[in-house]
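Numbering starts at 1 and runs along the sequence shown.
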Amino acid sequence: ANQTFSLSFTVANITSEECDAETSNQSSCVLKMVNNATGFLQVNNSYTLNALANNASQTINATVNIGTAGTYTLTFTIDPNNTAGQSNRQNDIYTGTVVIN
């Protein structure tokens, strides 16, 4: 607790012309961390996604500081507003549990 740590997420545009670089550059990614004990949102960061051509990727590096020890639900959402226009949104959200000591 009370330390800064880094997280990295790799976002890839694995498609065949459905979501090209022109539409993907209008997108964003959102990192949220919620304290499971209190339900309070501790991190709510937004990142701009670069234009991703077909089969290209981008690494998002996030630096966060959590002041309270505990268990957190981490959610990383790609294109939360569906501006890229892809039809398969099943792989746009990563959710995990992080324990801060």
Are [X] and [Y] side-chain neighbours, meaning at least one heavy-atom pair lies under 4.5 Å?
| X | Y | result |
| --- | --- | --- |
| L74 | L7 | yes |
| T10 | S57 | yes |
| V43 | K32 | no |
| Q3 | N65 | no |
| V99 | Y72 | no |
| T63 | F5 | no |

task: Any chance you could lay out the side chain to side chain donor-acceptor pair (under 3.5 Å) test for N36 and T73, step after step, and finish with the verdict?
output: CA-CA 7 Å; N36 290 1; T73 298; 2.8 Å; yes
task: To the nearest 0.5 angstrom, please state how far the SG atom of C29 sits from the CD atom of Q58.
output: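 With rounding to 0.5 Å, SG (C29) is 7.0 Å from CD (Q58).
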Hydrophobic cluster identity match, [X] and [Y], side-chain contacts under 4.5 Å:
| X | Y | result |
| --- | --- | --- |
| L31 | I93 | no |
| L49 | F9 | yes |
| I66 | V30 | no |
| V64 | V11 | yes |
| I60 | I78 | yes |

Under 3.5 Å, is there a donor-acceptor pair between the side chain of [X] and the main chain of [Y]?
| X | Y | result |
| --- | --- | --- |
| N2 | T68 | no |
| Q42 | M33 | no |
| N13 | L52 | yes |

message: Could you go through T48 and S28, starting from their C-alpha distance and side-chain angles, then the distance that decides it, and tell me whether this counts as side-chain contact (heavy atoms from CB on, under 4.5 Å)?
response: CA-CA 5 Å; T48 301; S28 65; 5.7 Å; no
